[in-house]
Amino acid sequence: MKNLYTFPIISLLTDGKFHSGVAIAKQFNVSRATVWNALQHAETLGITIFSVRGRGYKLPQALTLLNAQAVLAAMGEDCNDVKVEVHDHLASTNSYLMQNLSTHSHATCVAANLQTSGRGRRGRAWHAGLGASLTFSLLWRFQCGASALSGLSLAVGVALAQTLHSFGITQAKLKWPNDVLIGKEKLAGILIELQGDMEGPSTAVIGIGINLNLPENIKQQIDQPATDLASVSSQKINPNELLAVLLKHLLILLRDFEQNGFAHLRKEWMQHHAYHLQAVRMLMPDGREVCGEVKGVAEDGSLLVETIAGLQRFLSGEISLRGLT
Ligand code: ATP
């Protein structure tokens with residue numbers, strides 16, 4: 001169901017202040033019932049809106065919405081190398097791009113102010129909320145085949161680490177193969193989906209979710225420790241600037257990856273490695289757990305772990321990694 005007024009009204013409420021139903025109705029030249037319907041629709045999308053008799057409507061707090069022009073302006077000269085499409089809400093930015101590959105060109109970024117059914121790996125959910133998360137996907141067409149893209153999520157992790165460092169979040173570390181951690185808490189995740197032949201060419205949809213400011217109700221839905229930028233950064237980070245800087249880093253890293261493969265980025269990835277030389281548990285698809293010490297990653301992006309069976313190599317589709325302590 002669509003409601004034409006929901007997001008225009010939400011955008012009025014992003015100042016975090018009360019707006020009376022009469023004033024909103026006047027502004028959009030609609031009835032108060034239309035305003036009420038639009039805000040009911042927002043609630044069905046999971047957006048919390050406070051409604052107080054005599055004062056009107058307000059969001060729990062002020063927030064900045066994503067805006068394609070603001071992202072492109074913050075990218076400077078690099079803005080010519082990407083297309084940015086911002087949606088009010090989407091079920092999943094990855095699903096949207098995967099379903100619309102033929103109508104979207106190379107280096108298109110699709111972002112959603114609200115992602116309602118975000119996905120993790122193997123059917124797991126990625127929880128997000130309006131103003132709570134930056135969620136977007138980048139479409140990248142590779143000449144090479146899917147078989148050469150095994151280190152891609154690690155290369156994307158390097159771009160994320162570089163971006164977070166540039167915003168002063170130097171404690172951000174990478175957990176193989178696709179997460180960003182602060183200490184033991186998850187700040188961001190990467191989901192890469194591929195289409196094409198093993199031998200090439202192939203198309204990657206690179207999905208990224210970064211927690212900006214998670215409200216308690218979203219935190220409670222996440223079944224592992226999670227954190228957000230509001231908790232770890234001393235400055236207030238504007239999501240448009242964050243997306244712009246991240247896209248700039250991604251452009252550089254993805255071109256480098258295309259030319260030189262992950263081998264070229266391996267050293268840098270290791271500098272950000274969360275579990276380097278630490279004891280870990282690996283959860284196998286068949287439910288088994290294998291313990292060992294992480295020795296690092298190989299040039300193809302696979303994980304190297306010293307186990308009782310000797311040095312073993314794991315591919316990213318196979319296992320989930322967990323710290324022991
Ligand atoms: P793996 O090590 O296999 O990547 P994972 O648990 O990190 O395991 P992902 O598929 O990468 O799995 O991500 C999905 C998981 O992330 C969810 O099952 C949930 O535990 C967690 N999660 C969901 N939403 C968020 C969020 N906004 N912030 C942090 N973690 C989240």
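Only this structure's heavy atoms are used, side chains among them; waters, hydrogens and symmetry mates stay out. A quick note: this is a predicted structure, and the numbers were derived from the prediction, not measured. Ligands are counted one by one from 1 in listed order, and the atoms in each one are counted from 1 as well.
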> Ring centroid separation for Tyr5 and His41, is it under 6.0 angstrom?
Replying inline: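 For Tyr5 and His41, the ring centres are not under 6.0 Å apart.
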Taking atom [atom1] of [X] as the centre, report whether more than 12 heavy atoms of other residues, nucleotides or ligands fall under 6.0 Å from it.
{"X": "His276", "atom1": "NE2", "result": "yes"}
{"X": "Arg281", "atom1": "CZ", "result": "yes"}
{"X": "Arg124", "atom1": "CZ", "result": "yes"}
{"X": "Gln143", "atom1": "CD", "result": "no"}

> Do Asp228 and Ser231 have side-chain atoms, one donor and one acceptor, less than 3.5 Å apart?
Replying inline: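 Side chains of Asp228 and Ser231: pair found under 3.5 Å.
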Within the protein, flag every N or O under 3.5 Å from an N or O of ligand 1, and note the pair and distance.
| unit_1 | atom_1 | unit_2 | atom_2 | d |
| --- | --- | --- | --- | --- |
| ligand 1 | 2 (O) | Lys175 | NZ | 2.8 |
| ligand 1 | 2 (O) | Arg322 | NH1 | 3.1 |
| ligand 1 | 3 (O) | Arg121 | NH2 | 2.6 |
| ligand 1 | 3 (O) | Arg124 | NH2 | 3.0 |
| ligand 1 | 3 (O) | Ser320 | OG | 2.5 |
| ligand 1 | 4 (O) | Arg121 | NE | 3.4 |
| ligand 1 | 4 (O) | Arg121 | NH2 | 3.4 |
| ligand 1 | 4 (O) | Asn178 | OD1 | 3.0 |
| ligand 1 | 6 (O) | Gln224 | NE2 | 2.8 |
| ligand 1 | 6 (O) | Arg322 | NH2 | 2.9 |
| ligand 1 | 7 (O) | Asp179 | OD2 | 2.9 |
| ligand 1 | 7 (O) | Lys186 | NZ | 2.5 |
| ligand 1 | 8 (O) | Arg124 | NH2 | 3.4 |
| ligand 1 | 8 (O) | Arg322 | NH2 | 3.4 |
| ligand 1 | 10 (O) | Arg121 | N | 2.5 |
| ligand 1 | 10 (O) | Arg124 | NE | 3.2 |
| ligand 1 | 10 (O) | Arg124 | NH2 | 3.3 |
| ligand 1 | 11 (O) | Asn178 | ND2 | 3.1 |
| ligand 1 | 12 (O) | Arg124 | NE | 3.2 |
| ligand 1 | 12 (O) | Arg124 | NH2 | 3.2 |
| ligand 1 | 13 (O) | Lys186 | NZ | 3.1 |
| ligand 1 | 16 (O) | Lys186 | NZ | 2.8 |
| ligand 1 | 20 (O) | Asp223 | OD1 | 2.4 |
| ligand 1 | 20 (O) | Gln224 | NE2 | 2.9 |
| ligand 1 | 24 (N) | His127 | N | 2.9 |
| ligand 1 | 27 (N) | His127 | O | 2.8 |
| ligand 1 | 27 (N) | Asn211 | OD1 | 2.9 |
| ligand 1 | 28 (N) | Asn211 | ND2 | 2.9 |

